[in-house]
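Inspection log for the structure reproduced underneath, given as structure tokens.
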Amino acid sequence: QVQLVESGGGLVQAGGSLRLSCAASGGTFRLFPVGWFRQAPEKERDFVAAIDWSGGRTVYSDSVQGRFTISRDDAKKTMYLQMTDLKPDDTAVYYCGTHTARKFGGAGRRLGDYNLWGQGTQVTISS
């Protein structure tokens with residue numbers, strides 16, 4: 001069964017950049033949509049970015065549009081979230097997800113569009 005493992009989180013100053021990775025093990029998310037969500041302390045898990053099964057369409061939340069870029073490399077079974085111009089409000093645990101039944105699916109913004117998650121990686125932005 002496929003598992004997702006995030007990496008790349010850390011502590012950076014405001015205005016800095018980070019690249020998160022999400023690697024699939026025990027299987028692949030090729031042909032399935034994938035996305036990133038984040039959860040700050042005592043808040044709900046919120047949508048950040050998603051990419052469809054082909055990599056041809058991406059969607060972003062308003063708060064990260066123009067600063068974050070989602071991409072996927074199915075040959076490496078990895079997807080990425082390039083984050084630039086980071087702000088303290090970006091501080092959260094970031095989760096990658098996919099849906100094991102949405103083959104050829106579009107880029108989803110809802111939590112219900114995903115049924116498989118990684119363990120999360122902490123991103124902390126200092127002011």
Legend entry - Pair S63, Q65: side-chain N/O donor-acceptor within cut-off below 3.5 Å: no
Legend entry - Straight-line distance of Q1 CD to T100 OG1, nearest 0.5 Å: 7.5 Å
Legend entry - Short side-chain donor-acceptor distance under 3.5 Å, Y94 and R38: yes
Legend entry - Worked check of side chain to side chain contact (heavy atoms under 4.5 Å, CB included) between V34 and R72: CA-CA 9 Å; V34 290; R72 61 190 298 162; 3.8 Å; yes
Legend entry - Cluster link I70 to L20, ILVMFWY, side chain under 4.5 Å: yes
Legend entry - Pairwise side-chain contact, Y80 with T69, heavy-atom cut-off 4.5 Å (strictly under): no
Legend entry - D52 side-chain N/O to R57 backbone N/O, donor-acceptor pair under 3.5 Å: yes
Inset, instruction - State whether R110 and D113 are salt-bridged, where the test is any N-O pair (Lys NZ or Arg NE/NH1/NH2 against Asp/Glu carboxylate O) under 4.0 Å. - result: yes
Inset, instruction - Answer yes if W117 and I51 sit in the same cluster of Ile, Leu, Val, Met, Phe, Trp and Tyr residues linked by side chain heavy atoms under 4.5 Å apart, and no otherwise. - result: no
Legend entry - Heavy-atom side-chain contact between L81 and V48 under 4.5 Å: yes
Inset, instruction - Evaluate whether atom CD of Q122 has more than 12 neighbouring non-hydrogen atoms of other residues, nucleotides or ligands under 6.0 angstrom away. - result: yes
Inset, instruction - Using a 4.5 Å cut-off on heavy atoms from C-beta on, say whether the side chain of V93 contacts that of T121. - result: no
Legend entry - Side-chain donor or acceptor of E6 paired with backbone N/O of Q119 under 3.5 Å: yes
Inset, instruction - Can you see which heavy atom on P33 is nearest to which on G105, and at what distance? - result: CB-O, 3.6 Å
Legend entry - Among F29, F104, F32, the one residue meeting ring-ring contact (aromatic ring centres under 6.0 Å, His included) with W53: F104
Legend entry - Aromatic ring proximity Y114/Y95, centre distance under 6.0 Å: no
Legend entry - Interatomic spacing from OG in S127 to CG in D89 - rounded to 0.5 Å: 10.5 Å
Inset, instruction - Quick one: closest heavy-atom pair of M83 and V123, and the distance? - result: CE-CG2, 4.0 Å
Inset, instruction - Without swapping roles, check the side chain of T78 against the backbone of D73 for a donor-acceptor pair under 3.5 Å. - result: no
Inset, instruction - Could you pull out the closest heavy-atom pair between C96 and M79, with the gap in Å? - result: CB-CE, 3.1 Å
Legend entry - Sub-6.0 Å ring centroid separation between W36 and F47: no
Inset, instruction - Carefully, step by step, assess S17 and Q82 under the rule side chain to side chain contact (heavy atoms under 4.5 Å, CB included). - result: CA-CA 8 Å; S17 300; Q82 178 68 50; 4.2 Å; yes
Legend entry - Smallest separation among heavy atoms of G108 and A50, with atom names: O-CB, 3.4 Å
Inset, instruction - Spell out, as yes or no, whether a donor-acceptor pair under 3.5 Å connects the side chain of T91 to the backbone of I125. - result: yes
Legend entry - Reported OH-to-CZ distance for the pair Y60 and R67, which is rounded to 0.5 angstrom: 12.0 Å
Inset, instruction - Would you mind listing every disulfide (SG to SG under 2.5 Å) that reaches into residues 30-71, with sequence neighbours excluded? - result: none
Inset, instruction - Tell me whether L11 is reachable from F68 by hopping between hydrophobic residues (I, L, V, M, F, W, Y) whose side-chain heavy atoms are closer than 4.5 Å. - result: no
Legend entry - Sidechain N-carboxylate O distance under 4.0 Å for K76, D74: no
Inset, instruction - Return yes if a side-chain donor-acceptor contact under 3.5 Å exists between S61 and D46, otherwise no. - result: no
